[in-house]
Enquirer: 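Have a look at this one before I ask anything.
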Protein chains: 2
Amino acid sequence: MDVTIYEVARRAGVSIATVSRTLRGTGPVAPKTREKVLKAVEELRFTPSRLGVSLAEGRHAANGIVFPNLSGPYYTEVLLGYEEVASELGRSVVILSTKGRTRVHDLVKDLAGRVDGLMVFGHTAPDDLVAELVRMGMPLVFVSREPLAGADTLRSENTESARALARHLLEHGYRRFAFLGAPIATGDDVDERWQGVRSVLGGAIEAVPTEHYTVECGYQAARTLLRAPARPQAIVCSDDEVALGALLAAEELGLAVPDELAVTGWDDIMAARHARPALTTIRQPMRELGARAARALDELITGARDTPRHLVLTTELVLRASCGHHPQEEPR
Amino acid sequence: MDVTIYEVARRAGVSIATVSRTLRGTGPVAPKTREKVLKAVEELRFTPSRLGVSLAEGRHAANGIVFPNLSGPYYTEVLLGYEEVASELGRSVVILSTKGRTRVHDLVKDLAGRVDGLMVFGHTAPDDLVAELVRMGMPLVFVSREPLAGADTLRSENTESARALARHLLEHGYRRFAFLGAPIATGDDVDERWQGVRSVLGGAIEAVPTEHYTVECGYQAARTLLRAPARPQAIVCSDDEVALGALLAAEELGLAVPDELAVTGWDDIMAARHARPALTTIRQPMRELGARAARALDELITGARDTPRHLVLTTELVLRASCGHHPQEEPR
DNA sequence: CCAGCTTATGTAAGCGCTTACAGAAAGGCA
DNA sequence: TGCCTTTCTGTAAGCGCTTACATAAGCTGG
């Protein structure tokens, strides 16, 4: 950190331009000169300052990622896929969580000043700042959000898989349903799941809000729902965490799942697989979502592509014990 | 991004020093002058370049975090606690995953050049580079690692809680045990857990390695173990993921948990709580670990403290159904 | 040996911002 | 009004690095 390119140049008896060229391979350097420079670099343990390089290059070699909170396994998996690809592409990853924070506008803006592009989950960055970043030409990729002009969007399919799930429940013979975890915003992921399910089940399903999409809120809402006189036969949950909460409520109320009540989730997080009964759910390719987002962002940053693109990744119905008995049911 | 401090100065009819002073509050500025500057800033939508500021200040206002992989919920929770505090302290968080990567030495070194201090999980950064970073005076906090001269270390307590767990299993009446997920390195977390358990159970427990500390490896090792003639009555697992794998193996082999086999984990991740039977485990204060690490690193960076410190956080035995029946057992 | 071309190297100008220090301006008091 | 003190402002020098362009050095062929 203390050694600068000037000291290397002095020790090697060359100019700083020659040191730079040697280290970066950006121009011709005589073999003897090269040796002298590398020797000096090694003796002085010189590492170029990231700040100096970035300022001179006019680029950060870093990507930002804005997410609501990491406590949901969903975000973790996406982040992991993203970080892996970003690293392969030689980019650091700077993270920012916005949930519960004040001055989000300032936080995101600061982040934008440190990176070459941003990936943003849904609506976690303020809309006015998003509009400004788009105007400024900042490369942006949004995950789990409706298409936005001037930026890439990437999401998993919701509607068709929701339909498939609903049809499957009908095949089990259920006729009374509830959707636990009502949509907060029109057009977001949960809304699409709701719309898909409702397009198949019609008036046979009602939406029940949860305060948040968490285990605890799912538990509370399910407990209330399951104590009412007219109990649904099956609960379709917005996501796996809410579904885990519903399982807890059923357990507490002595309702056998799936014999007395069916429960489904969405995401296929680890806890969904290890719950008993294991949750029927829709598997989201979360890591691939992150990886694709990182690649898309790289294209925008390098200029390999300058027209925004909107992608939808395939999801998959995963049948397990929580929705009913299946002849060839997988054990886990 | 395109607007520089020079344009603001020109528009406001003042020097760049005055613009800087106005925005940073680092010196006296006449009220009228201040208004002119702020007006120009707003009209031009000027945001100071993070790079310029950092280079001139000689600091990044960012912390780095090096971890093996995010796929374990443990790391996620620590990271969340860390990011929350770092953000409060005005620091961005730059992440780097090292598992499965080549040139880790270079990756960590690049990261070190972008931040004011680093938090490192265990041994995920190469030892020679760690020694160099210590020599250079870089602020370092290690999590889950034995004390290291020149840097802070922070870990959760292992040995006493492992003893408490072992004693509890003895109280259930078990007399034959296995430790699933043998230690890889002397002195690391899993080794301390093993040592603690063995100090109570002595020759009644044997260590069984798993290739990795994952559900899949735990499943494979447990399946092999449980098919052998001399089956243990209780399996103490290195961590919750390995324990979840052991539960899967027991389920597949038709062994009732806890009646025919007891299983315990470590960490208290979400999936451990939602498994059935719910896992008896040791709760690690993972978020607090991350939060404390971020605060410790801040003290080192700001110079509020310059002597390394070694902290151990308390862990807690959490009794659930997987180790046996308890008179007042919590439902979840 | 000379001319022309290619390879190698150094100088200077930035990239965007902070701030020490010197000087100017303003205010207060005798 | 003059002097002294305080407040305000601008200039210049960096922070560490990259690189365009000009020049020097080296090599090859006639």
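As a basis for the values below, the full set of heavy atoms in this structure was taken, side chains included, without hydrogen atoms, waters or symmetry mates. Here is how names work: the chains are called A, B, and so on, in the same order as the sequence lines, proteins then strands, and each is numbered from 1.
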Enquirer: Can you check whether B/R59 has a side-chain N or O nearer than 4.0 Å to OP1 or OP2 of C/dT18?
Expert: no

Enquirer: Can you give me the N/O atom pairs linking the protein to nucleotides 8-15 of chain D at distances under 3.5 Å, or say none if there are none?
Expert:
{"from": "D/dT9", "atom 1": "OP1", "to": "B/T33", "atom 2": "OG1", "distance (Å)": "2.2"}
{"from": "D/dT9", "atom 1": "OP2", "to": "B/A30", "atom 2": "N", "distance (Å)": "3.0"}
{"from": "D/dG10", "atom 1": "OP2", "to": "B/S15", "atom 2": "N", "distance (Å)": "2.8"}
{"from": "D/dG10", "atom 1": "OP2", "to": "B/S15", "atom 2": "OG", "distance (Å)": "2.9"}
{"from": "D/dG10", "atom 1": "OP2", "to": "B/T18", "atom 2": "OG1", "distance (Å)": "2.7"}
{"from": "D/dG10", "atom 1": "N7", "to": "B/R21", "atom 2": "NH2", "distance (Å)": "2.9"}
{"from": "D/dG10", "atom 1": "O6", "to": "B/R21", "atom 2": "NH1", "distance (Å)": "3.2"}

Enquirer: What is the distance, rounded to the nearest whole Å, between atom NE2 of B/H60 and atom P of C/dC17?
Expert: 17 Å

Enquirer: Could you state the atom-to-atom distance from NZ of A/K32 to P of C/dT9 in whole Å?
Expert: 12 Å

Enquirer: Roughly how far, to the nearest 0.5 Å, is CD of B/E77 from CE of B/M286?
Expert: 5.0 Å

Enquirer: So if I take the C1' atoms of five pairs at each end of the helix from C/dC1-D/dG30 to C/dA30-D/dT1 and get each local axis, what angle do the two axes make, rounded to 10 degrees?
Expert: 40°

Enquirer: Any salt bridge between A/R292 and A/E84, counting N to O under 4.0 Å?
Expert: no

Enquirer: Below 4.0 angstrom, N of the basic side chain to O of the carboxylate: do A/R155 and A/E146 qualify?
Expert: no

Enquirer: Does the side chain of B/S87 pick up a donor-acceptor pair with the side chain of B/Y82 at under 3.5 Å?
Expert: no

Enquirer: Enumerate the side chain to side chain donor-acceptor pair (under 3.5 Å) contacts for residues 26-38 of chain B, please, sequence neighbours excluded, ordered by first and then second residue.
Expert: none

Enquirer: Ignoring hydrogens and angles, state whether a donor on the side chain of B/T186 or B/D191 is under 3.5 Å from an acceptor on the partner side chain.
Expert: no

Enquirer: Find out whether A/V66 and A/L118 are in side-chain contact, i.e. whether some heavy atom of one side chain is under 4.5 Å from a heavy atom of the other.
Expert: yes

Enquirer: Round to the nearest Å and state the distance from B/R10 atom CZ to C/dC17 atom C1'.
Expert: 16 Å

Enquirer: Do the side-chain N or O atoms of A/R24 get closer than 4.0 angstrom to the phosphate oxygens (OP1, OP2) of D/dC17?
Expert: no

Enquirer: Take atom CZ of B/R114 and atom P of D/dC17, then tell me their distance rounded to the nearest Å.
Expert: 14 Å

Enquirer: Show, in sequence, the C-alpha distance, side-chain angles and deciding distance for B/H310 and B/T153, and conclude whether the side chain to side chain donor-acceptor pair (under 3.5 Å) test is met.
Expert: CA-CA 5 Å; B/H310 308 293; B/T153 58; 2.6 Å; yes

